[in-house]
**Student:** 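Before I ask anything, let me first share the structure, which is written out below as structure tokens.
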Number of protein chains: 2
Amino acid sequence: MDGKESCIVRHFSYYYELSEHDKSLLLALEQSPMAVETGTTLWEEGDEAKEFCTFKKGWAYSYRFLENGSRQLIELYLPGDIIGLREFAFSQRLAGVKMVEDGEVCFFPHQHLLDLFRRSFVLTSILFAIASRQQVLITERLVNLARRNARQKLAHFLLEISQRLSQTQTGSLSDSFHLPLSQELFADLLGLSPVHVSRTFSALHEAGLVHRERHHVTLHDLQALKREADFDERYLIDNMRPLFSGLPRISDKAS
Amino acid sequence: MDGKESCIVRHFSYYYELSEHDKSLLLALEQSPMAVETGTTLWEEGDEAKEFCTFKKGWAYSYRFLENGSRQLIELYLPGDIIGLREFAFSQRLAGVKMVEDGEVCFFPHQHLLDLFRRSFVLTSILFAIASRQQVLITERLVNLARRNARQKLAHFLLEISQRLSQTQTGSLSDSFHLPLSQELFADLLGLSPVHVSRTFSALHEAGLVHRERHHVTLHDLQALKREADFDERYLIDNMRPLFSGLPRISDKAS
DNA sequence: CGTCTGCTTGATTCCCGTCAACACCCGTGG
DNA sequence: CCACGGGTGTTGACGGGAATCAAGCAGACG
């Protein structure tokens with residue numbers, strides 16, 4: 001358990017203790033890390049889909065263009081996430097993926113996932129849990145976009161990011177964090193116009209709820225924000241351990 | 001391959017030929033079919049989540065309530081669908097599920113899915129494909145809700161249902177079908193008010209695109225509708241066969 | 001110091017929500 | 001046979017939240 005432990009192993013370990021065998025299978029997915037710069041397009045809608053991608057460093061997002069020229073972001077990806085699961089059953093990409101910041105990614109072919117299914121029951125189950133969690137995230141985003149006003153949308157999004165960052169990064173809940181998104185990205189993410197994003201940020205600022213400068217945000221009154229946004233973090237706090245409770249635990253774990 | 005073949009077997013077979021072994025594993029999930037009436041709640045948000053449910057007959061939908069009392073439908077389920085995959089990694093239901101029409105369902109515990117992972121590589125892969133397809137459906141709905149106006153939303157939804165029905169039911173594309181949804185359900189599904197749903201239906205009717213009476217809809221000019229709604233059916237037409245192309249085919253298939 | 005990109009602010013417009021009245025269907029019961 | 005009532009769909013008037021257009025502003029960088 002050295003300091004440079006892979007973040008995909010860390011991500012998977014969140015669900016269940018991994019055996020050395022499982023860890024080595026996972027590490028095989030991260031064999032050829034690739035540096036990618038801000039703005040790089042990992043793939044576009046319509047590209048052939050035969051690879052997944054694990055995300056080691058940086059921020060990325062998936063998006064769809066509409067006929068009228070507007071764009072909708074689907075999902076934001078943080079380190080440890082797996083990208084492209086959506087297209088497992090498809091031959092074409094259904095959404096593009098772009099980097100928000102410089103980062104590092106590892107591509108691996110769909111076939112490797114099938115190998116995982118064959119070789120590790122635990123990893124298969126965790127993969128399924130990850131896919132199910134992704135679906136839950138998108139579902140919550142759907143509700144957010146369909147039913148809430150601009151203030152609530154923005155507040156909800158900030159709370160979600162705050163929660164996700166504290167789960168995957170520091171481990172401690174931080175109400176102050178780096179958020180490298182332009183207001184145009186906010187707009188495409190929340191289904192608003194850039195103009196209105198600006199206005200909404202100002203409104204939240206005036207209400208004393210949010211402070212933002214440059215690409216750094218701090219949330220001042222978490223409770224008030226949660227009330228305002230109708231935010232319930234349960235959808236982010238998943239855990240498979242109850243499900244696995246019948247399984248034998250691993251005993252040869254490195255201390 | 002008798003006339004009463006299980007619809008879950010039919011659903012799975014859409015992705016890949018199943019061996020007799022796989023079929024019997026699947027059929028075990030449909031052991032105790034249960035009749036459920038219109039309006040029955042299969043479960044509610046917050047209920048303990050330890051079962052899935054296969055859907056044999058009828059229509060159902062999943063939904064979320066918001067603090068302000070409004071409701072958002074997440075997904076519509078048709079026969080052959082599997083319900084509850086979303087909560088695989090969670091201990092609580094994150095959305096309720098209700099029947100639109102009388103139907104028949106089979107519950108089975110999460111553990112059975114784990115058994116499937118252990119026992120059948122092919123079924124595992126197909127399950128993963130189904131989960132990925134569900135994610136794609138929700139994603140498209142998200143884009144629909146976030147970025148399109150009422151006319152486009154409605155048109156898009158009708159096209160999606162038409163396509164899904166023709167894939168799972170008759171097999172032939174029908175532009176005239178039974179659609180047992182009240183305008184209130186339409187509203188909760190599309191993020192509109194019931195009043196505006198009515199207006200939008202009228203508008204589409206006047207434009208000669210849609211005819212509707214009672215719970216029956218017919219689409220008149222599919223091409224025009226698709227143009228209007230920016231509808232691209234590729235997101236509904238998935239197929240894993242290319243992925244499996246390296247696998248041996250099954251030869252002992254019953255003719 | 002000028003230019004470019006991204007943010008802010010104001011004026012106007014429009015889509016859709018809300019409220020309210022009304023029509024309709026259908027079953028009940030007098 | 002008609003009166004009644006609830007649930008559902010329709011139509012109109014009105015208001016509000018967010019889009020759009022346009023101009024001004026502030027950093028970043030050469």
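Predicted, not measured: the structure shown is a model, and the values here were computed from it. Every chain is numbered from 1 and lettered A, B, ... according to where its sequence line falls, protein lines coming before strand lines. Scope of the values below: all heavy atoms of this structure, side chains included, with no hydrogens, waters or symmetry mates.
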**Student:** At less than 3.5 Å, do the side-chain atoms of B:Arg199 and the base atoms of D:dG12 form a donor-acceptor pair?
**Tutor:**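 When only heavy-atom distances are counted, B:Arg199 does reach the base of D:dG12 through a donor-acceptor pair under 3.5 Å.
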**Student:** How close or far is atom C1' of D:dG9 from atom CZ of B:Phe186, stated in whole angstroms?
**Tutor:**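 Distance check: B:Phe186 CZ to D:dG9 C1' gives 13 Å.
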**Student:** On the nucleotide D:dT10, are OP1 or OP2 found under 4.0 Å from the side-chain N or O atoms that B:Ser198 carries?
**Tutor:**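 Affirmative; the distance criterion is met.
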**Student:** Let me know the distance between CG of B:Asn149 and C1' of D:dG17, rounded to the nearest Å.
**Tutor:**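 In whole Å, D:dG17 C1' and B:Asn149 CG are 16 Å from each other.
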**Student:** Choosing from D:dT11, D:dC21, D:dG9, which nucleotide comes nearest the side chain of A:Val195?
**Tutor:**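 Among the listed nucleotides, the one closest to the side chain of A:Val195 is D:dC21.
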**Student:** How many Å lie between NE2 on B:His205 and P on D:dG9, as a whole number?
**Tutor:**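 Whole-Å distance recorded here is 16 Å.
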**Student:** What is the distance, rounded to the nearest whole Å, between atom NE2 of B:His196 and atom P of D:dG9?
**Tutor:**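 Rounded to the whole Å, the gap is 16 Å.
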**Student:** Any salt bridge (Lys or Arg N to Asp or Glu O under 4.0 Å) involving residues 90-99 of chain A? Give me the pairs, sequence neighbours left out, ordered by first then second residue.
**Tutor:**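 Those involving residues 90-99 of chain A are A:Glu87-A:Arg93.
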**Student:** What is the nucleic acid contact for A:Arg212, judged by heavy atoms within less than 4.0 Å: base, sugar-phosphate only, or nothing?
**Tutor:**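 The residue A:Arg212 makes sugar-phosphate contact but no base contact.
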**Student:** Would you please confirm or rule out a distance under 4.0 Å between OP1 or OP2 of D:dA18 and any side-chain N or O of B:Arg147?
**Tutor:**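 Answer is no, no contact under 4.0 Å.
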**Student:** Anything under 30° is parallel, anything over 60° is perpendicular, the rest tilted; go ahead and classify B:Phe52 against B:Phe88.
**Tutor:**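 Judged by the thresholds at 30° and 60°, the geometry between B:Phe52 and B:Phe88 is parallel.
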**Student:** In whole angstroms, how far is the P atom of D:dT10 from the CZ atom of B:Phe201?
**Tutor:**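 To the nearest whole Å, that distance equals 9 Å.
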**Student:** When we call it a touch if two heavy atoms are under 4.0 Å apart, what does A:Val197 touch: a base, just sugar-phosphate, or nothing?
**Tutor:**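 It contacts nothing in the nucleic acid.
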**Student:** So what does A:Ser182 touch, heavy atoms closer than 4.0 Å: a base, only the sugar-phosphate, or nothing?
**Tutor:**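 Sugar-phosphate only.
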**Student:** Any base atoms under 4.0 Å from A:Arg214, or only sugar-phosphate, or nothing? Heavy atoms, all strands.
**Tutor:**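 If one applies the 4.0 Å heavy-atom cut-off, A:Arg214 turns out to touch the sugar-phosphate alone, with no base involved.
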**Student:** Between atom CD in A:Glu184 and atom P in D:dT20, what is the gap in whole Å?
**Tutor:**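 Distance check: A:Glu184 CD to D:dT20 P gives 13 Å.
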**Student:** With a strict under 4.0 Å distance from non-hydrogen atoms of chain A, what nucleotide opens and what nucleotide closes the contacted stretch of DNA chain C, reading 5' to 3'?
**Tutor:**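 First and last nucleotides in contact are C:dC7 to C:dA11.
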**Student:** Could you check whether any side-chain N or O of B:Gln152 sits under 3.5 Å from a backbone N or O of B:Arg147, counting only pairs where one atom can act as donor and the other as acceptor?
**Tutor:**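 Answer holds: no.
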**Student:** Looking at B:Arg164, B:Lys56, B:Arg133, which hits salt bridge (charged side-chain N to carboxylate O under 4.0 Å, His left out) with B:Asp81?
**Tutor:**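 In the set B:Arg164, B:Lys56, B:Arg133, the residue that makes a salt bridge (charged side-chain N to carboxylate O under 4.0 Å, His left out) with B:Asp81 is B:Arg164.
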**Student:** Taking NZ, NE, NH1 and NH2 as the nitrogens, is one of them in A:Arg86 or A:Glu45 under 4.0 Å from a carboxylate oxygen of the other?
**Tutor:**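 Looking at A:Glu45 together with A:Arg86, the answer is no, because their closest N to O distance does not fall below 4.0 Å.
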**Student:** Please report the closest heavy-atom contact between A:Pro180 and A:His215, naming both atoms and the distance.
**Tutor:**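 In this case the closest contact between A:Pro180 and A:His215 is CA-CG, 3.9 Å.
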**Student:** Which label fits B:His178 and B:Trp59: parallel for a plane angle under 30°, tilted from 30 to 60°, or perpendicular past 60°?
**Tutor:**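 Taking B:Trp59 first and then B:His178, their aromatic rings stand perpendicular (interplane angle over 60°).
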**Student:** Report the distance from atom CD of A:Gln183 to atom P of D:dA19, rounded to the nearest whole Å.
**Tutor:**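 A:Gln183 atom CD is separated from D:dA19 atom P by 13 Å.
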**Student:** Could you state the atom-to-atom distance from CG of A:Leu190 to P of D:dA19 in whole Å?
**Tutor:**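 Rounded to whole Å, this separation is 10 Å.
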